[in-house]
*Asks:* 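One structure, as structure tokens, below. Some questions next.
When a residue number appears, it is its place in the shown sequence, counting from 1.
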Amino acid sequence: LFRSAIAMLAVLGAGLAMVGPAPGTGRGSVRPRGPAQVVMKAVPRVPFKSRDSEYTQWVDVYNRMYRERIIFLSQDIDDDFANVMISVLLYLESEDAKSPVSMYFNVAGGKTKPGLALHDTMTNMPYDIQTVNMGIAAETSAFLIAGGTPGKRFALPNSRFLMQSPSMMPPLDNEGKPIQRVMQATEMQLEVAEILRDKRRLLEGYSQFTGKPMQTLEKDFKRDFFLNAQEAMDYGLVDKLTMPKRLSKLKAKDRKSVV
């Protein structure tokens, strides 16, 4: 009986090791806001053998991709997640400062200041950074994709961009409910001025990425708006659309059959 209990605890521990944190919900998220829910998200593990080791170890698939200089961003960009991404970029620079890095985005929202911190780190890296929108890129993540290395910004055909301006959101409690804030008029004025400064910083960045004048961007960002992949390329957020490889293979087969 004692051995059976030990075996069950070992299995439980292995299962908990594969569980990652549930994605958060921040400003700009396209997910419905509501009470926080505990979500069990299992992270697949794959075998990995380093060059200097004789043994194979099991690591989560995201860690494995980091070693290949591929980064997946799949949750709202908050302070903690931005810090993790910044640390990965810095580590990759210390390991190899020349080889390019690919960043794949499927992010439903995020906070402005952590996003700007991540953007500043990206621009200070000596290597090229390829950015790809796989599904949805809302607010800060759209800015990060547009801020990739020129000529290496991509979007999948069915991806979407949600362009949003920063806004003042109330703090949330542990259950995801807004907390009432008591603010003086001067404090509110200072916070609004800070948000407007963040908005101008984003618009200046978009102007640099897309080549559009500030007047056009200020007019566009009066309201939130969506862009599909083709519209995002026309807008200047990405350089190319990544078309399915299978389609080109089928066309090649058709040409051979005709010959």
*Asks:* Sequence neighbours left out, what pairs pass ring pair (Phe, Tyr, Trp, His ring centres under 6.0 Å) with at least one residue falling in residues 163-205?
*Replies:* none
*Asks:* For Pro157 and Thr242, which heavy atoms make the closest approach, and how far apart are they?
*Replies:* CD-O, 3.1 Å
*Asks:* Measure the spacing between CG of Asp76 and OG1 of Thr140 and express it to the nearest 0.5 Å.
*Replies:* 9.5 Å
*Asks:* Could you work out, with side-chain contact (heavy atoms from CB on, under 4.5 Å) as the rule, every residue matching Gln215, not counting sequence neighbours?
*Replies:* Pro213
*Asks:* Nearest 0.5 Å, what's the CG-CE distance between Leu202 and Met163?
*Replies:* 9.0 Å
*Asks:* Let me see the working for Arg69 and Tyr127 under side-chain contact (heavy atoms from CB on, under 4.5 Å), right down to the final yes or no.
*Replies:* CA-CA 11 Å; Arg69 306 180 73 83; Tyr127 46 73; 3.5 Å; yes
*Asks:* With side chains defined as the heavy atoms from C-beta onward, is the minimum distance between Leu92 and Ile71 less than 4.5 Å?
*Replies:* yes
*Asks:* Got a sec, which residues hit side-chain hydrogen bond (donor to acceptor under 3.5 Å, both in side chains) with Asp220, two or more places apart in sequence or on another chain?
*Replies:* Tyr235
*Asks:* Keeping to residues at least two apart or across chains, list the ring pair (Phe, Tyr, Trp, His ring centres under 6.0 Å) pairs with something in residues 142-162.
*Replies:* His119-Phe143, Phe143-Tyr206, Phe143-Phe209
*Asks:* For side-chain contact (heavy atoms from CB on, under 4.5 Å), just list the numbers for Glu139 and Thr112, CA-CA rounded to whole Å, side-chain angles, deciding distance to a tenth of an Å, and then say yes or no.
*Replies:* CA-CA 8 Å; Glu139 196 186 16; Thr112 302; 3.6 Å; yes
*Asks:* For residues 93-104, which residue pairs qualify under salt bridge (charged side-chain N to carboxylate O under 4.0 Å, His left out), counting only residues two or more places apart or in two chains?
*Replies:* none
*Asks:* Do the side chains of Glu218 and Lys222 get close enough for a salt bridge, i.e. N-O under 4.0 angstrom?
*Replies:* no
*Asks:* For Lys212, does its backbone N or O pair with a side-chain atom of Ser207 as donor and acceptor, under 3.5 Å?
*Replies:* yes
*Asks:* Indicate yes or no for a side-chain donor-acceptor contact from Glu231 to the backbone of Asn228 under 3.5 Å, with no hydrogens or angles considered.
*Replies:* yes
*Asks:* Provide the full list of ring pair (Phe, Tyr, Trp, His ring centres under 6.0 Å) pairs with a residue in residues 81-104, sequence neighbours left out, each pair given once.
*Replies:* Phe72-Tyr104
*Asks:* Could you tell me which non-hydrogen atom of Pro126 sits nearest to which non-hydrogen atom of Ala97, and how far apart they are?
*Replies:* CG-O, 3.5 Å
*Asks:* What residues form a side-chain hydrogen bond (donor to acceptor under 3.5 Å, both in side chains) with Asp80, not counting sequence neighbours?
*Replies:* none
*Asks:* In chain order, what residues pass the side-chain contact (heavy atoms from CB on, under 4.5 Å) check against Met122, with sequence neighbours excluded?
*Replies:* Leu89, Met103, Leu118, Ile129, Thr131, Leu144
*Asks:* CG of Leu73 to CG of Asn133: how many Å apart, nearest 0.5 Å?
*Replies:* 11.0 Å
*Asks:* Which heavy atom in Ser165 sits nearest to a heavy atom in Asp224, and how many Å separate them?
*Replies:* N-OD1, 3.9 Å
*Asks:* Answer whether the closest heavy-atom distance between the side chains of Leu237 and Thr210 falls below 4.5 Å.
*Replies:* yes
*Asks:* Taking all heavy atoms of Ile77 and all of Ala82, pick out the closest pair and write down the distance.
*Replies:* CG2-CB, 4.2 Å
*Asks:* So how far is it from Arg197 CZ to Ile195 CD1, rounded to the nearest 0.5 Å?
*Replies:* 11.5 Å
*Asks:* Mind checking what makes side-chain contact (heavy atoms from CB on, under 4.5 Å) contact with Lys113, not counting sequence neighbours?
*Replies:* Glu194, Asp198
*Asks:* Using every non-hydrogen atom in the two residues, find where Lys240 and Met233 come nearest and quote the distance to one decimal.
*Replies:* CA-SD, 3.9 Å
*Asks:* Please identify each residue that fulfils side-chain contact (heavy atoms from CB on, under 4.5 Å) with Asp234, with sequence neighbours left out.
*Replies:* Gln230
*Asks:* Hey, could you give me each pair passing salt bridge (charged side-chain N to carboxylate O under 4.0 Å, His left out) that has a residue in residues 143-167? Not counting sequence neighbours.
*Replies:* Asp128-Lys152, Arg153-Asp239
*Asks:* Who are the side-chain hydrogen bond (donor to acceptor under 3.5 Å, both in side chains) partners of Gln184, not counting sequence neighbours?
*Replies:* none
*Asks:* Nearest 0.5 Å please: distance from the OG atom of Ser74 over to the CD1 atom of Ile136.
*Replies:* 14.0 Å
